[in-house]
4 protein chains.
Amino acid sequence: MTLKIGVIGTGAIGQDHTRRINEVLAGARVTALNDVNRANAETCQRQYAPEARIFDDPHALIRDADVDAVLVCSWGQTHEEYVLAAVAAGKPCFCEKPLATTAEGARRIVEAEQAAGKRLVQVGFMRRYDPGYVALKKAVSEVTGAPLMVHAAHRNPRVGENYVTPMAIHDTLIHEIDVLRWLLDDDYTSARVFFPRKSPRAHEKLRDPQVVVLETAGGVVIDVEVFVNCHYGYDIQCEIVGEDGIARLPEPMGIQTRSGAVLGQPILMDWKDRFIDSYDYELADFLKAAAQGTAAGPTAWDGYVAAVTADACVAAQEAEGQAVSIDLPARPSLYA
Amino acid sequence: MTLKIGVIGTGAIGQDHTRRINEVLAGARVTALNDVNRANAETCQRQYAPEARIFDDPHALIRDADVDAVLVCSWGQTHEEYVLAAVAAGKPCFCEKPLATTAEGARRIVEAEQAAGKRLVQVGFMRRYDPGYVALKKAVSEVTGAPLMVHAAHRNPRVGENYVTPMAIHDTLIHEIDVLRWLLDDDYTSARVFFPRKSPRAHEKLRDPQVVVLETAGGVVIDVEVFVNCHYGYDIQCEIVGEDGIARLPEPMGIQTRSGAVLGQPILMDWKDRFIDSYDYELADFLKAAAQGTAAGPTAWDGYVAAVTADACVAAQEAEGQAVSIDLPARPSLYA
Amino acid sequence: MTLKIGVIGTGAIGQDHTRRINEVLAGARVTALNDVNRANAETCQRQYAPEARIFDDPHALIRDADVDAVLVCSWGQTHEEYVLAAVAAGKPCFCEKPLATTAEGARRIVEAEQAAGKRLVQVGFMRRYDPGYVALKKAVSEVTGAPLMVHAAHRNPRVGENYVTPMAIHDTLIHEIDVLRWLLDDDYTSARVFFPRKSPRAHEKLRDPQVVVLETAGGVVIDVEVFVNCHYGYDIQCEIVGEDGIARLPEPMGIQTRSGAVLGQPILMDWKDRFIDSYDYELADFLKAAAQGTAAGPTAWDGYVAAVTADACVAAQEAEGQAVSIDLPARPSLYA
Amino acid sequence: MTLKIGVIGTGAIGQDHTRRINEVLAGARVTALNDVNRANAETCQRQYAPEARIFDDPHALIRDADVDAVLVCSWGQTHEEYVLAAVAAGKPCFCEKPLATTAEGARRIVEAEQAAGKRLVQVGFMRRYDPGYVALKKAVSEVTGAPLMVHAAHRNPRVGENYVTPMAIHDTLIHEIDVLRWLLDDDYTSARVFFPRKSPRAHEKLRDPQVVVLETAGGVVIDVEVFVNCHYGYDIQCEIVGEDGIARLPEPMGIQTRSGAVLGQPILMDWKDRFIDSYDYELADFLKAAAQGTAAGPTAWDGYVAAVTADACVAAQEAEGQAVSIDLPARPSLYA
């Protein structure tokens, strides 16, 4: 039985997921497309999904009998509305990050899903599907002993003029916020931000780099370097220090060469290449769960916690060095 | 349009390809199964292909209108017969290695395919699809300059009692024989084999390790260590030395840990894990070409050249240190 | 001409320096020995310096005409007294760390040396002579661009019962305090300390691990993990993140092996092996300068700044997370 | 007691050893200098040994009462004569490679030393003192199990016009010939040479690269790539494959950097930097033994075996692929 998928939002990521479903992964077909700009949906239809119907109304798409599950890939401001509609329709829903643009919005989705009584939402935190992080989590349970510290870095070669200081949290650190919680199986209790001297490559409205220090309920101290004008490459580092030893995220596969007095291997420059396989794996996981009428992977609760933590980190940017506490309500049993 | 696939031989690899087509890859379904032992086919049907029909006669399967393309995963002795039948039926055919158990058999397939006037056969040399080898080939063209030497190693932790000296060529070196030709875009002209002192772990009928020296038409000298009782892991090494520099096949992804006075990363023990992604990629490539009525990837000619080279290497085992020449007919234009 | 050296304090390090001068390095001889316990001096004489005279009074040793330069290797509490005496005698003096047990004591030495009008004191911060740090400093000036952040770690497998929380600063972090200043050519302005959950291996009076965050006058943010019960090895890490790139302290030389499913190299367990060559290099540098009647390498001022910084870090341990500022007087011109 | 050293031959290496003895190492002084060109000896005296006397007759230098031990650093053709004279005078003698320019010449030294009844000669095979090779030898005894194969490479970025094909053996491979024997504690029984396509960078009278295959009495098969126009760096590789695992010579210490999309570390370009510490260690070992009236390290027998093996390898260059056998007389008991 082939699962029928409706895609809302056919920009870059929506098109890519459509291609993935129709040309790469087994078990599903895209049957419905919607975009705020109909021409986008038509382009996507032409390229990847000639059999799909185009809907002008995303709510009609969600309700349509020929749609078993929904992908929300539209503009962030609209995520909450469409996810809530999918939950209301009882249809599994994969939502690109952010789950909602506010913690309150994410909270409303959590409550709706609880009311539905079963998981229907997967959030697009793809790093949990990266084979490197998966192996790192395994090494934490098998080699390092209980974690005490994490040293991490998120580096981009450069960002555009429109990237301002809080985006270092909402668009960049957000990935570490989710994946480190998952690696540690723990929650954050406070955040601090330190600003080194600003890189001459950073734009006027951006303080870059930043060092974020997070503490967890379990007593782990985490430092994350966020440096989005590092120039040399797109580079994600993560090292877990445990009671018995250390484990480190592997470098992306690259050919080691000896040439011109250098023993080297390439560093990626484009973030899109870094977790490219993870998009396939997260979507395959979604399709598998959706075929059973439910959802797997990162939950609405994870999306909510990420939103609360990100808000605290932005407050910590303004408090410069002072701790901002992170308070979470009790975890609902649906997400135990 | 979904491609309909018939699978001949539902042992381990045949079952795995069936699972791959029905549960992992887009675009195809297994519609027909055959195995010399019908119970095997039923198990495969139950687990991975409940909609498939079981055929007692593999030739009936090949001819069936509900089969667009064929996978030959049966016992090596039968490959030639079924591949020739698929070619005769004008159907794309993926054949696990060996293409045939003799060079003459492989040659007959080459001739049949030439007579068919288009490519219909892909041989299961999956290493060409390994992201490491693909990146290595790119590095050869971009970094090393024209190759002069290759240093390679194929190591297994251990082999069973039934593994005798010539199998080090036919079952083990065969992968290097194919993938090095492809990396270098060159053909072999001679082979030599050197036998170091025998490992105490090698069984009575096996001389292990071996060092094979191959020379190519382009003047490249290749040394390949074949060591199938190396004890410590399954380990594939390949280093290309060119006029300007060197490129080396990457180690498989592994978490670097610091623990117990060792900075280490795991080495695989099981060959099945080493090129696990390549099986997906080779089959996806086959399905894509088969949907166009043709074949891609390693050709029947490649299968033939591998057979001729392997025969020379086995002769070189007996000649111990003396060169055995490798003579090939002109390459047919179909494979230019 | 052979330089005549008097050694005060012939415990482990004093004996080792005596051996170094008499058996390893060119240009000097130990002619005089003193120890609070005369038997120690006799042992040292017997093993490494049969021609040396034993002095019961360290001040007599310092004044003796047959002593051109002095090594102070006695108990820390006595360093200030003997270094001041050597400076008063106008003799070059190598002093093991700490230069003095208080910042005020170190300050008095700085003042005495200024009064002497030339450098006479070298402090035993041997890491500046480690070929790895030397190469790292070169890479900072040639590759990374101006530094913005430093990530460092100082890990010991274990410590004894007598090692209490402030010793993580005075005995352990003290090396990073000196070497990072030297690497960055910068001074500290504030310190913070964060305490993760305590390792179950840490003794009752020790909070371990710790994360120290230092900020510099030049705007560099430094995080240093101090973990003295890390169990797996003695491990020193240092990574400099600059405007253009990153440079990392190399791992100590070790043989890479493939064995038992692990690709590994050894991690040192004993701190004495980590910077073993640096002791030779620092002392050779001292002898060379002393032959000219002066001193080279880490200065009394460096010793003073290290003491001030260490005091601030200990205060920061008590302030847990709050910044403690580090204020230094103007750098005297002798140390410009 | 300071050992008095006479140096014959004050070219680059003779000057460097003079500096080493007078300015770096403990325990000895250069008291006598000789060079076929007296001006060279005067330059050396002025720079490194103002107290040394200059001799016009090297035999007078060897006999002089103020010379305890001799360094032979003159032109290779003269080595045999001066070493024999030192042995006749009963004085320890360090001889730069080659011990003699013919196997017969080396044999005469072996016989003279046997007649003297004790070791007096050390040959300048400095690689045995390299900390990397020393650690590799330790790993062979502790990790790999009994060796079965060796893969090695000796690469130079380029050579001058005067470097002709046999020099790849006598000047380059000679180091592997000695150090691999020492690593394996074994002797060679045959040699073969294979010539890949010639590098376009190789001069007219040089076939480059070459692959040398050596077999040992213990059944080890060794392949050594010799490539003296490899362009990218001076690079020495050595991997020992044993019954239980593998050990690999470490890369020279280098800072790992991330810069311009490359994760890299420098490769040396100049051979003089590669084993720079080993010259200190070999000479310190010589001085220590010479102070006892004898010699340590690589023996005259090692020099003789290297000469015999090198001759066989040059014959193997002409036999192209055919085995040339290596026959040695029984090892004299002095060298057991």
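Below, read A as the first sequence line, B as the second, and so on, with proteins coming before strands; counting in each chain starts at 1. Quick caveat: nothing in here was measured; it's all calculated off a predicted structure.
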Picking from D:R258, D:E251, D:Q265, which has the most non-hydrogen pairs under 4.5 angstrom with chain A?
D:R258

Report the option among D:G264, D:A261, D:S259 that has the most heavy-atom pairs separated by less than 4.5 Å from atoms of chain A.
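The option with the most such pairs is D:A261.
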
Part of D:Q256 within contact of chain A (heavy atom distance under 4.5 Å)
neither

I'd like to check the side chain to side chain contact (heavy atoms under 4.5 Å, CB included) partners of A:K198; sequence neighbours left out, ordered by chain and number.
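If we apply the side chain to side chain contact (heavy atoms under 4.5 Å, CB included) test to A:K198, skipping adjacent residues, the hits are A:A202.
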
Taken in chain and number order and not counting sequence neighbours, the residues that satisfy side chain to side chain contact (heavy atoms under 4.5 Å, CB included) with A:E318 are A:V314

Applying a criterion of heavy atom separation less than 4.5 Å, what residues of residues 159-176 of chain A form contacts with chain D?
none

For chain D, which residues from residues 229-249 of chain A have at least one heavy atom closer than 4.5 Å to it?
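Contacts with chain D: A:Y232, A:D235, A:Q237.
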
For the CD1 atom of A:I267 and the CG atom of D:L263, what is their distance to the nearest 0.5 Å?
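Answer rounded to 0.5 Å: 5.0 Å.
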
D:D270 CG: over 12 foreign heavy atoms closer than 6.0 Å
yes

